[in-house]
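The first residue of the sequence shown is numbered 1, and numbering continues consecutively from there.
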Amino acid sequence: MPSTRSIEVLATAADLYHAAAEEFVRAARAAIGAQGRFTVALSGGSTPKALYSLLASNYASFAWDRVFLFFGDERHVPPTDAESNYRMVNESLLTKIVIPAANVFRVKAENSDAAAAAADYETQLKTFFELEAGVQNEDFPRFDLILLGIGPDGHTASLFPDSEGLKEKSRLVIANWIEKFKTFRISFTFPVLNNAREVMFMAAGADKADIVHQVLEAKNAPEFPSQRVQPSDGKLLWMLDEAAAAKLTSR
Ligand code: 6PG
């Protein structure tokens with residue numbers, strides 16, 4: 001399947017979340033139809049929360065027993081912490097649907113050793129995707145869908161500008177030191193992001209308009225981490241509201 005990039009602009013943030021929920025469910029139905037299961041990595045931050053709430057309210061009866069949920073990144077905090085991506089997903093989605101606990105793969109970010117938490121999560125991925133060491137195409141998991149956001153500095157997942165994690169080529173999950181926050185983040189690496197069947201970025205609001213324009217329309221070499229998300233054999237979909245798309249010169 002050749003790689004494609006498409007940009008969808010919705011009038012409002014609410015329209016964006018509805019369209020993103022429909023795309024989530026479309027991808028899930030396609031994967032379950034084809035393989036009997038749907039593997040998805042969720043993004044953190046504030047933007048996707050409304051999507052998760054919408055999935056819980058409008059798709060509560062979906063075949064969640066066939067859905068396997070992972071996290072593209074996590075803050076180095078316990079699952080009860082207000083900063084925790086798991087907590088946000090748990091409150092907006094997991095507590096409102098019926099999904100087997102065994103289908104939810106959480107980063108054990110309560111572990112004070114961030115590198116150990118990352119290594120543990122990598123093992124969870126390798127076990128679930130039955131990855132065989134050393135066999136090329138099986139070095140990296142192939143998610144059906146990976147959700148991503150974008151920060152004003154162009155970071156995505158927890159791959160921030162000037163961070164060591166940008167250079168990682170073989171590991172699946174890393175503990176990435178983020179100098180500006182003086183903390184580690186646990187994050188998927190680019191090889192995992194770029195091995196997905198589909199990557200869906202979501203961005204809403206005027207404060208994202210500058211970076212969205214730079215990332216999608218910059219003519220020079222990739223400068224921002226988000227620009228390096230280029231699925232090698234998959235679909236790249238940017239879902240934007242009008243405010244986030246305001247500075248795009250072409251759509
Ligand atoms: C995180 C995210 C991160 C997020 C961006 C955008 O854990 O924070 O994975 O990459 O997507 O920072 O965040 P907002 O949606 O809050 O603007």
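Ion pairing between a basic and an acidic side chain is recognised when a charged N comes within 4.0 Å of a carboxylate O; Glu223 and Arg228 show no such pairing. Of the charged side-chain nitrogens involved, at least one lies within less than 4.0 Å of a carboxylate oxygen, so that Asp153 and Lys180 count as a salt-bridged pair.
Listed by chain and residue number, Lys126 satisfy the salt bridge (Lys or Arg N to Asp or Glu O under 4.0 Å) test with Glu122 (two or more places apart in sequence, or in another chain). The salt bridge (Lys or Arg N to Asp or Glu O under 4.0 Å) check on Lys49 picks up nothing, with sequence neighbours excluded. Contacts of Arg87 classified as salt bridge (Lys or Arg N to Asp or Glu O under 4.0 Å), with partners at least two apart in sequence or in another chain: Glu91. Take Arg185 and apply the side-chain hydrogen bond (donor to acceptor under 3.5 Å, both in side chains) test, not counting sequence neighbours, and it matches Ser158. Partners of Glu8 according to the salt bridge (Lys or Arg N to Asp or Glu O under 4.0 Å) rule, which considers only residues two or more places apart in sequence or in another chain, do not exist here.
In summary, the aromatic rings of Phe129 and Phe143 are positioned with their centroids under 6.0 Å apart. You'll find the ring centres of Phe38 and Phe24 inside the 6.0 Å limit.
Two residues are said to be in side-chain contact when any heavy atoms from C-beta on lie closer than 4.5 Å; Leu172 and Pro191 fail this criterion. Counting heavy atoms from C-beta outward, Pro225 and Pro161 have side chains that approach closer than 4.5 Å. Contact of the Leu237 side chain with the Val199 side chain is not registered, since no non-hydrogen atoms from C-beta on lie closer than 4.5 Å. Inter-residue side-chain proximity for Leu248 and Glu217 is flagged as met; some heavy-atom pair is nearer than 4.5 Å. Within the 4.5 Å cutoff, side-chain heavy atoms of Thr47 are placed close to those of Tyr17. In this structure, Glu23 and Lys235 have side chains that are in contact, with non-hydrogen atoms separated by less than 4.5 Å. In this structure, Asn90 and Tyr52 have side chains that are not in contact, with every pair of non-hydrogen atoms separated by 4.5 Å or more. Residues Trp177 and Lys182 have side chains in contact (heavy-atom distance under 4.5 Å, counting atoms from C-beta outward).
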Can you list the steps and then say if Asn176 with Ser187 is a side-chain hydrogen bond (donor to acceptor under 3.5 Å, both in side chains)? CA-CA 7 Å; Asn176 199 20; Ser187 184; 6.0 Å; no
Show your reasoning for whether side chain to side chain contact (heavy atoms under 4.5 Å, CB included) applies to Phe184 and Ile178. CA-CA 6 Å; Phe184 282 102; Ile178 314 301; over 6 Å; no
Side chain to side chain contact (heavy atoms under 4.5 Å, CB included) between Leu193 and Leu159, worked out: CA-CA 11 Å; Leu193 301 179; Leu159 299 170; 3.9 Å; yes
Apply salt bridge (Lys or Arg N to Asp or Glu O under 4.0 Å) to the pair Arg142 and Glu198, showing each step before the final yes or no. CA-CA 9 Å; Arg142 184 160 168 76; Glu198 178 176 348; over 6 Å; no
Would Gln230 and Arg5 satisfy side chain to side chain contact (heavy atoms under 4.5 Å, CB included), going step by step from the backbone distance to the final call? CA-CA 8 Å; Gln230 306 283 347; Arg5 183 184 89 169; 5.7 Å; no
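At distances below 3.5 Å, at least one donor-acceptor pair connects side-chain atoms of Glu168 with backbone N or O atoms of Ser170. Counting only distance, with no hydrogens or angles, the side chain of Gln227 and the backbone of Phe224 share a donor-acceptor pair below 3.5 Å. Panel note: side chain Glu179, backbone Ser163; no donor-acceptor pair is recorded below 3.5 Å. Not a single donor-acceptor pair under 3.5 Å links the side chain of Asp241 to the backbone N or O of Leu16. With Thr189 contributing its side chain and Val173 its backbone, the two residues share no donor-acceptor pair below 3.5 Å. Of the possible polar contacts, none joining the Thr156 side chain to the Ile150 backbone as a donor-acceptor pair under 3.5 Å is found. A donor-acceptor contact shorter than 3.5 Å is absent between the side chain of His18 and the backbone of Leu51. A donor-acceptor pair under 3.5 Å is formed between the side chain of Asn195 and the backbone N or O of Pro141. Ser92 contributes a side-chain N or O that, together with a main-chain N or O of Met88, makes up a donor-acceptor pair within less than 3.5 Å.
In the hydrophobic cluster analysis, where Ile, Leu, Val, Met, Phe, Trp and Tyr join through side-chain heavy atoms closer than 4.5 angstrom, Ile211 is grouped apart from Phe181. Both Leu236 and Met202 belong to a common hydrophobic cluster when Ile, Leu, Val, Met, Phe, Trp and Tyr are linked at side-chain heavy-atom distances under 4.5 angstrom. In the hydrophobic cluster analysis, where Ile, Leu, Val, Met, Phe, Trp and Tyr join through side-chain heavy atoms closer than 4.5 angstrom, Val40 is grouped together with Ile32. Tracing side-chain contacts under 4.5 Å through hydrophobic residues (I, L, V, M, F, W, Y), one never reaches Phe160 starting from Ile174; they form parts of separate clusters. Placement of Val89 and Ile146 within a single hydrophobic cluster is found when ILVMFWY residues are connected by side-chain heavy-atom separations under 4.5 Å, directly or transitively.
Of all non-hydrogen atoms in Glu110 and Pro79, the two that sit nearest each other are OE1-CD, 3.7 Å. For the residue pair Tyr121 and Phe105, the shortest heavy atom distance occurs at OH-O, 2.7 Å. Contact detail for Leu240 and Ala245: the closest heavy-atom pair is CD1-CB, 4.0 Å. Across all their heavy atoms, Gly154 and Ser226 have their closest contact at O-OG, 2.8 Å. Taking both residues in full, the closest heavy atoms of Leu131 and Asp139 are given as CD1-O, 3.7 Å, listed atom of the first, atom of the second, then distance. In terms of heavy-atom proximity, Lys169 sits nearest to Phe140 at O-CZ, 3.4 Å.
Inspection of the Asp144 and Thr39 side chains reveals an N or O donor paired with an N or O acceptor under 3.5 Å. Remark: the Asp210 side chain and the Gln214 side chain contain no N/O donor-acceptor pair separated by less than 3.5 Å. Remark: the Asp81 side chain and the Ser84 side chain contain no N/O donor-acceptor pair separated by less than 3.5 Å.
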Tell me which donor-acceptor pairs under 3.5 Å the side chains of residues 60-72 have, and how far apart each pair is, sequence neighbours excluded?
unit_1: Trp64; atom_1: NE1; unit_2: Tyr59; atom_2: O; d: 2.8
unit_1: Arg66; atom_1: NH1; unit_2: Gly36; atom_2: O; d: 3.3

